[in-house]
**Student:** 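Below is the structure I would like to discuss, written out as structure tokens.
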Amino acid sequence: MPSGRSQRIAEWARHWNAGLTRYLRRRLPGRIDPQDLAQEVYVRLLRVEQIEHIKEPQAYLYRVASNVAQEWRMRAVHARPHSDAELETLVATATPESLLDDAQFKAQLDSALQTMTPMVRAVVYLKLREDMSHDEIANHLGITPRMVRRMLTTGYAHLREHIEFD
Amino acid sequence: MHPDRDNTPDPATTHARQCAAHWLSVLSDENCTEPERQQFFAWLRASGQHVDEFLRLSRLTGRMSQRELWPDADVARLIAEAKASAEANVTPLDQPTVFVARPERKIVRWSMAAAVACVVVLVGLIAGRAQIQEWLAPEYVTAVGEQRSITLEDGSVVELNSRSRLRAHFEAHLRAIELLEGEAIFRVAKDPNRPFRVRTGATDIVAVGTAFNVKANDSRTVVTVLEGRVRVNQRDAAERSAAASAKAVSEFELAVGDQLIVAKAQPAIRVSLRDTDKVTSWTERRLIFEDTPLSAAAAEFARYSPRTIRIEDPAVAERKINGVFDATDPASLAEFLKGDETLEVRNDAEGWVVSSR
């Protein structure tokens with residue numbers, strides 16, 4: 001039945017997206033080194049048989065990365081069962097650390113935005129905070145979609161340079 | 001927070017970062033074209049550093065989707081400043097810079113959500129609960145060369161080999177797993193009240209708390225017990241016995257080291273293995289061949305790598321080989337075969353072609 005099928009696909013996509021969003025938003029656990037993770041992902045990408053069959057390479061990349069992170073997390077949990085004392089420290093430190101993290105991140109983001117040119121800042125803000133499409137941004141700022149791409153590239157590079165993450 | 005780099009990156013890193021920023025910008029454009037996506041993938045596959053930089057940037061911007069992390073800003077002022085700046089060298093369109101798009105979009109989203117909810121209810125009425133549960137059962141898929149370790153909701157762990165597909169569906173009195181294709185090791189969490197059943201095309205494998213390897217393709221299922229005991233029913237027989245409530249003829253109790261090979265419409269073959277290392281070697285990406293026909297060895301390699309070894313000569317295909325190989329490195333097998341003077345090994349775009357001299 002077609003509606004059942006599409007329903008299942010929607011559910012499947014939601015299931016994946018939830019995992020991806022988690023992967024993209026949260027800090028990686030300390031025991032996962034982002035560079036090691038990237039290497040493992042890279043090796044898996046090289047093994048892809050027919051690259052022309054992958055229509056959404058970006059989504060595919062995140063899926064593989066999220067799988068690897070999940071596997072490593074699981075392996076770490078199973079390889080070394082935590083003692084009660086260890087667990088207590090883990091639980092105790094979890095919340096304050098993440099709060100501190102947020103505060104640090106906020107401060108870094110704030111200063112990164114301040115050091116951008118007004119146009120780049122506006123494009124980054126409309127894209128990432130307001131989740132606007134490139135055409136919408138172009139309309140609001142009176143520039144071409146090509147300019148939006150260029151400003152966004154500059155903005156992303158600037159953020160990467162000014163914010164420590166993971 | 002631990003810095004992942006020093007403050008003056010080398011030129012290669014700077015370039016990789018710049019490219020990552022470019023590609024993320026291109027991909028976030030709704031007008032991004034198919035060739036652009038392919039170019040992006042080619043760029044990604046060109047270097048591990050590209051993957052690293054792109055993932056870092058993605059995670060950075062991903063985190064920025066949390067609105068509470070942003071400083072409060074007056075959007076109208078941001079836009080006005082941008083338009084007044086030197087970069088706005090294109091004449092602005094004569095349009096009021098008011099922010100009205102958001103609320104409209106939310107309304108659209110809600111009405112879509114309502115529509116989806118209606119569809120769910122309708123489907124529920126038509127299809128019935130069991131069918132829906134089957135549709136909703138999570139499906140786990142691995143691509144060529146990809147292996148995954150999955151923890152199921154009951155705590156059982158599944159190692160899923162390359163090019164495999166598995167569905168898990170938990171009921172009150174049964175943990176129903178379907179291995180649709182490929183190979184997996186199941187480490188089953190103990191639960192005497194909820195048997196763990198793995199169904200393949202040809203068999204039902206039932207365990208309570210144990211570990212076993214299952215390899216399934218269209219015509220054949222091979223079950224190997226690594227720990228504890230499992231019961232295997234040949235599938236059509238299983239259905240008959242359920243109807244007649246008689247003990248199925250083709251029911252097998254397997255213990256550690258037992259292997260059962262079940263092919264469609266054929267009597268099952270039971271083997272006792274000296275050790276199960278060969279069966280589980282795939283988890284370490286090793287392939288162990290003992291008097292294995294070359295054709296079977298080549299097929300094993302094809303599960304892990306896009307570069308294949310093709311055999312033109314039927315007599316060569318039957319040739320037996322022995323050795324331990326890295327599953328991700330078919331070149332090692334090609335090299336091994338090149339050492340044989342009676343064989344000719346030619347490289348081509350898809351891998352290697354083997355024939356007799």
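Within every chain, numbering begins at 1; the chains are lettered A, B, ... in the order of the sequence lines, protein sequences first and strands thereafter. None of the values given here were measured: they were computed from a predicted structure. Values reported hereafter were calculated over all heavy atoms of this structure, with side chains retained and with hydrogens, waters and symmetry mates removed.
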**Student:** Stepwise, does the salt bridge (Lys or Arg N to Asp or Glu O under 4.0 Å) test hold for B:Glu68 with A:Lys106?
**Tutor:** CA-CA 9 Å; B:Glu68 62 275 16; A:Lys106 254 176 116 154; over 6 Å; no

**Student:** Which atoms of A:Ile137 are under 4.5 Å from chain B, going by heavy atoms: the side chain, the backbone, both sets, or neither?
**Tutor:**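 It is neither, since no heavy atom gets under 4.5 Å.
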
**Student:** Which residue out of B:Val51, B:Asn31, B:Thr14 racks up the most heavy-atom pairs below 4.5 Å with chain A?
**Tutor:**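 The residue among B:Val51, B:Asn31, B:Thr14 with the greatest pair count is B:Val51.
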
**Student:** What are the two closest non-hydrogen atoms of B:Phe41 and A:Pro57, and how far apart are they?
**Tutor:**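 Nearest pair, atom of B:Phe41 first, then A:Pro57: CD1-CB, 3.5 Å.
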
**Student:** Identify which one of A:Gln58, A:His134, A:Arg149 satisfies the side chain to side chain donor-acceptor pair (under 3.5 Å) criterion when paired with B:Ser28.
**Tutor:**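 Among the candidates, only A:His134 passes.
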
**Student:** Can you name the nearest heavy-atom pair linking A:Glu71 to B:Ser149, along with the distance?
**Tutor:**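 The answer is CG-N, 3.4 Å.
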
**Student:** Determine which pairs satisfy salt bridge (charged side-chain N to carboxylate O under 4.0 Å, His left out) with at least one residue from residues 149-159 of chain B, sequence neighbours left out, and list them in order.
**Tutor:**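 Residue pairs with at least one partner in residues 149-159 of chain B: B:Asp154-B:Arg175.
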
**Student:** Report, as yes or no, whether the 6.0 Å neighbourhood of atom CZ on A:Arg150 holds more than 12 heavy atoms from other residues, nucleotides or ligands.
**Tutor:**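 Open: at most 12 neighbouring heavy atoms sit under 6.0 Å from CZ of A:Arg150.
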
**Student:** How many angstroms lie between atom OG1 of B:Thr61 and atom CD1 of A:Ile163, to the nearest 0.5 angstrom?
**Tutor:**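 With rounding to 0.5 Å, OG1 (B:Thr61) is 10.0 Å from CD1 (A:Ile163).
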
**Student:** Run the side chain to side chain contact (heavy atoms under 4.5 Å, CB included) check on A:Thr153 and B:Trp23 step by step: do they pass?
**Tutor:** CA-CA 8 Å; A:Thr153 302; B:Trp23 282 119; over 6 Å; no

**Student:** Does any heavy atom of chain B fall under 4.5 Å from the side chain of A:Ala157, the backbone, both, or neither of them?
**Tutor:**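 Answer is both: backbone and side chain atoms of A:Ala157 are under 4.5 Å from chain B.
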
**Student:** I'd like to know which of B:Gln49, B:Gln38, B:Glu53, B:His50 tops the heavy-atom pair count under 4.5 Å against chain A.
**Tutor:**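 Ranked by contacts with chain A, first place is B:Glu53.
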
**Student:** Between B:Ala302 and chain A, with a heavy-atom cut-off of 4.5 Å, which part of the residue counts as in contact: side chain, backbone, both or neither?
**Tutor:**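 No part of it gets close to chain A.
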
**Student:** Can you name the closest pair of heavy atoms from B:Ala143 and A:Tyr60 and give their distance?
**Tutor:**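 Taking every non-hydrogen atom into account, CB-OH, 3.5 Å.
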
**Student:** Aromatic rings A:Tyr62 and B:Phe54: how do their planes relate, parallel, tilted or perpendicular, breaks at 30° and 60°?
**Tutor:**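 A:Tyr62 vs B:Phe54 ring planes: parallel.
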
**Student:** Between A:Ala38 and B:Asp52, which heavy-atom pair has the shortest distance, and what is it?
**Tutor:**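 Scanning both residues completely, I find the closest heavy atoms to be CB-CA, 3.4 Å.
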
**Student:** Contact between A:Tyr23 and B:Arg59 at the side-chain level, heavy atoms closer than 4.5 Å - yes or no?
**Tutor:**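 They are in contact (side-chain heavy atoms under 4.5 Å apart), so the answer is yes.
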
**Student:** To the nearest 0.5 angstrom, please state how far the OG atom of B:Ser85 sits from the CZ atom of A:Arg121.
**Tutor:**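 The OG atom of B:Ser85 sits 9.5 Å away from the CZ atom of A:Arg121.
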
**Student:** Using a 4.5 Å cut-off on heavy atoms from C-beta on, say whether the side chain of A:Leu128 contacts that of B:Trp70.
**Tutor:**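 With C-beta onward as the side chain, the pair touches.
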
**Student:** For B:Arg67 and A:Glu130, what are the C-alpha separation, side-chain angles and deciding distance, and is it a salt bridge (Lys or Arg N to Asp or Glu O under 4.0 Å)?
**Tutor:** CA-CA 9 Å; B:Arg67 290 178 135 225; A:Glu130 300 300 323; 3.0 Å; yes

**Student:** Measure the spacing between CZ of B:Arg17 and CZ of A:Arg160 and express it to the nearest 0.5 Å.
**Tutor:**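 Here the interatomic distance stands at 4.0 Å.
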
**Student:** Under the 3.5 angstrom rule, does the side chain of B:Arg45 hit a backbone N or O of A:Leu45 as a donor-acceptor pair?
**Tutor:**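 Confirmed, B:Arg45 side chain pairs with A:Leu45 backbone.
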
**Student:** Of the backbone (N, CA, C, O) and the side chain (C-beta and beyond), which part of A:Asp33 lies under 4.5 Å from a heavy atom of chain B, both, or neither?
**Tutor:**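 Contact with chain B: none, neither part.
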
**Student:** With a cut-off of under 6.0 Å to the ring centre and 45° to the axis, is B:Arg63 in cation-pi contact with A:Phe105?
**Tutor:**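 Judged by the rule, B:Arg63 and A:Phe105 form a cation-pi pair.
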
**Student:** Rounded to the nearest 0.5 Å, what separates atom CZ in A:Arg129 from atom CD in B:Gln66?
**Tutor:**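 Going from CZ on A:Arg129 over to CD on B:Gln66, the span is 12.5 Å.
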
**Student:** I'd like to know which of A:Val43, A:Leu113, A:Asp135 tops the heavy-atom pair count under 4.5 Å against chain B.
**Tutor:**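 The option with the most such pairs is A:Asp135.
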
**Student:** Check side chain to side chain contact (heavy atoms under 4.5 Å, CB included) between A:Ala59 and all other residues, then give those that pass, not counting sequence neighbours.
**Tutor:**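 In terms of side chain to side chain contact (heavy atoms under 4.5 Å, CB included), with neighbours along the sequence ignored, A:Ala59 is linked to A:Glu56.
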
**Student:** Rounded to the nearest 0.5 Å, what's the gap from CZ on B:Phe40 to CG on A:Leu61? Could you check?
**Tutor:**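 Answer for the CZ-CG pair, B:Phe40 versus A:Leu61, is 5.5 Å.
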
**Student:** Could you report the tightest heavy-atom contact between B:Ala82 and A:Met119, atom names first, then the distance?
**Tutor:**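 Result for this residue pair: O-CE, 3.5 Å.
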
**Student:** I need the minimum non-hydrogen distance between B:Glu81 and A:Pro118, along with the two atoms involved.
**Tutor:**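 Where B:Glu81 meets A:Pro118 most closely, the heavy atoms are O-CB, 3.8 Å.
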
**Student:** Side chain, backbone, both or neither: which part of B:Ile150 has a non-hydrogen atom closer than 4.5 Å to chain A?
**Tutor:**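 B:Ile150 has no heavy atom closer than 4.5 Å to chain A.
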
**Student:** Can you tell me which portion of A:Leu109 sits under 4.5 Å from chain B's heavy atoms? Options are side chain, backbone, both or neither.
**Tutor:**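 A:Leu109 touches chain B through side-chain heavy atoms alone.
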
**Student:** Identify which part of A:Gln39 has an atom lying under 4.5 Å from any heavy atom of chain B, answering side chain, backbone, both or neither.
**Tutor:**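 Just the side chain, heavy atoms under 4.5 Å.
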
**Student:** Kindly indicate, with the supporting measurements, whether the criterion side chain to side chain contact (heavy atoms under 4.5 Å, CB included) is fulfilled by A:Leu24 and B:Ser58.
**Tutor:** CA-CA 7 Å; A:Leu24 287 173; B:Ser58 299; 4.0 Å; yes

**Student:** Can you say whether B:Leu24 sits under 4.5 Å from chain A via the side chain, the backbone, both, or neither, judging by heavy atoms?
**Tutor:**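 Contact with chain A: backbone and side chain both.
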
**Student:** Return the CG to CG distance between A:Asp110 and B:Asp72, rounded to the nearest 0.5 Å.
**Tutor:**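 Nearest 0.5 Å value for the CG-CG distance: 10.0 Å.
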
**Student:** So which residue, B:Ala20, B:Ser47, B:Ala73, ends up with the most heavy-atom pairs under 4.5 Å with chain A?
**Tutor:**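 Highest number of heavy-atom pairs under 4.5 Å: B:Ser47.
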
**Student:** So for A:Val68, is it side chain, backbone, both, or neither that comes closer than 4.5 Å to the heavy atoms of chain B?
**Tutor:**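 Looking at A:Val68, nothing touches chain B.
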
